[in-house]
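Encoded as structure tokens, the structure appears first; notes follow it.
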Amino acid sequence: TNIDALDACQEMLNVAGTKDVYQSLICEDVGDKPLQIAEGTYDALLCVEGFIDGHIRCDALPHLLKVVKPGGTVVLTVREEFLHITAEFRKLDPLIVRLREEGAWEYVIRYITPHYFGEKDGVIYVYKVK
């Protein structure tokens, strides 16, 4: 199994590197342009708490999907409150639906998990890339 870590913060990657889990540590900002990772590189992508203020914006999601192989799994997590109180993340659910309608991926499950972050609930999205 090969697992890579991607973060815009080298300090966070330095901590990740001490875990002896990751094959590669990639320091790159996830934004509105393609990643410096070849398309179709990964069997799966897991993005935990990336969609928060000051981190990954919604317009980066299509670029994240491109690094996953067709048939690969994408798992995203976000605090539920951000989908309601943050202007940027109110766009996330409509974007996810649009990407599904455009054939970029197919729905597997979306569920709310209680006490995801302390007392705050979280939303977990699971999709398969087409």
Side-chain angles (χ1 to χ4, degrees):
T1 301
N2 294 318
I3 302 173
D4 295 340
L6 182 144
D7 201 294
C9 177
Q10 185 60 54
E11 291 79 18
M12 292 300 290
L13 289 171
N14 292 344
V15 171
T18 67
K19 307 300 179 187
D20 293 326
V21 172
Y22 303 103
Q23 302 338 104
S24 297
L25 303 172
I26 304 163
C27 190
E28 184 175 354
D29 187 30
V30 178
D32 61 351
K33 60 185 183 295
L35 296 170
Q36 297 297 310
I37 299 169
E39 290 188 18
T41 295
Y42 298 108
D43 295 315
L45 180 140
L46 174 62
C47 182
V48 177
E49 284 296 301
F51 290 95
I52 60 174
D53 281 337
H55 288 77
I56 301 173
R57 296 174 48 90
C58 293
D59 57 7
L61 184 55
H63 301 298
L64 290 171
L65 297 183
K66 288 181 180 178
V67 303
V68 181
K69 296 174 184 172
T73 301
V74 175
V75 179
L76 309 173
T77 71
V78 63
R79 283 184 237 171
E80 184 185 30
E81 66 181 337
F82 292 164
L83 300 175
H84 308 289
I85 65 171
T86 307
E88 173 64 21
F89 300 113
R90 282 195 296 264
K91 297 185 280 185
L92 187 59
D93 274 328
L95 173 60
I96 286 171
V97 169
R98 182 174 59 83
L99 290 169
R100 186 182 72 222
E101 290 171 350
E102 291 173 355
W105 60 2
E106 63 185 61
Y107 172 84
V108 175
I109 193 167
R110 177 194 188 274
Y111 62 94
I112 296 174
T113 182
H115 307 290
Y116 168 78
F117 187 82
E119 293 296 312
K120 299 176 186 297
D121 294 344
V123 179
I124 300 174
Y125 303 88
V126 181
Y127 280 80
K128 290 274 187 196
V129 174
K130 287 187 167 186

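Here, residue 1 is the first one in the sequence, and each next residue gets the next number.
Residues I52 and L61 are members of one and the same hydrophobic cluster, defined by side-chain heavy-atom contacts under 4.5 angstrom among Ile, Leu, Val, Met, Phe, Trp and Tyr. In the hydrophobic cluster analysis, where Ile, Leu, Val, Met, Phe, Trp and Tyr join through side-chain heavy atoms closer than 4.5 angstrom, V67 is grouped together with V126. Hydrophobic clustering of Ile, Leu, Val, Met, Phe, Trp and Tyr side chains at less than 4.5 Å, counting indirect connections, unites Y107 with I124. The hydrophobic clustering, which links ILVMFWY residues whose side-chain heavy atoms are closer than 4.5 Å, places F51 and V108 together. Hydrophobic clustering of Ile, Leu, Val, Met, Phe, Trp and Tyr side chains at less than 4.5 Å, counting indirect connections, keeps M12 apart from F117.
Summarising the geometry of V78 relative to Y125, their closest heavy-atom pair is CG1-CE1, 3.8 Å, with the distance given to 0.1 Å. Residues K128 and G71 come closest through the heavy atom pair CD-O, 3.4 Å. Annotation for L25 and G17: closest pair CD1-CA, 3.7 Å, computed over non-hydrogen atoms. Heavy-atom minimum distance, I37 versus T41: CG2-OG1, 3.6 Å. Nearest heavy atom pair, residue A60 against residue V30, reads CB-CG1, 3.6 Å.
In this structure, the side chain of E28 engages the main chain of Q36 through a donor-acceptor pair within 3.5 Å. A donor-acceptor pair under 3.5 Å links the side-chain atoms of D121 to the main chain of H115, judged by distance alone. Under the 3.5 Å distance criterion, the side-chain polar atoms of D4 are matched with a main-chain donor or acceptor of S24. Judged by distance alone, the side chain of R90 and the main-chain N or O of H84 form a donor-acceptor pair under 3.5 Å. In terms of modelled atom types and a separation under 3.5 Å, the side chain of T77 and the main chain of E49 share a donor-acceptor contact.
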Verdict with reasoning, L92 to V123, per side-chain contact (heavy atoms from CB on, under 4.5 Å) = CA-CA 11 Å; L92 187 59; V123 179; over 6 Å; no

One pair to check against side-chain contact (heavy atoms from CB on, under 4.5 Å): R110 and I96. What are the steps and the verdict?
CA-CA 11 Å; R110 177 194 188 274; I96 286 171; over 6 Å; no

For V74 and L64: C-alpha separation, side-chain torsions, deciding distance, then whether side-chain contact (heavy atoms from CB on, under 4.5 Å) applies. CA-CA 9 Å; V74 175; L64 290 171; over 6 Å; no

(request) Would you check, one step at a time, whether the test side-chain contact (heavy atoms from CB on, under 4.5 Å) holds for Y22 with L13? (result) CA-CA 10 Å; Y22 303 103; L13 289 171; over 6 Å; no

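For the atom pair L83 CG and K91 NZ, the distance stands at 13.0 Å (nearest 0.5 Å). The CD atom of E102 sits 8.5 Å away from the CG atom of L95 when rounded to the nearest 0.5 Å. Between E11 atom CD and C27 atom SG the span is 8.0 Å, to the nearest 0.5 Å. Rounded to the nearest 0.5 Å, atoms CZ (R57) and CZ (F89) are 7.5 Å apart. Atom OG1 of T113 and atom CD of E80 lie 10.5 Å apart (nearest 0.5 Å). Here the straight-line distance linking atom CG of L35 with atom CG of L65 works out to 10.5 Å at 0.5 Å rounding.
The aromatic rings of W105 and Y127 lie parallel to each other, with less than 30° between the two planes, well short of the 60° mark.
Annotation for Y116: atom OH counts as buried by contact number, over 12 foreign heavy atoms lying within 6.0 Å. Within a 6.0 Å radius of NE2 in H63, other residues, nucleotides and ligands contribute more than 12 heavy atoms.
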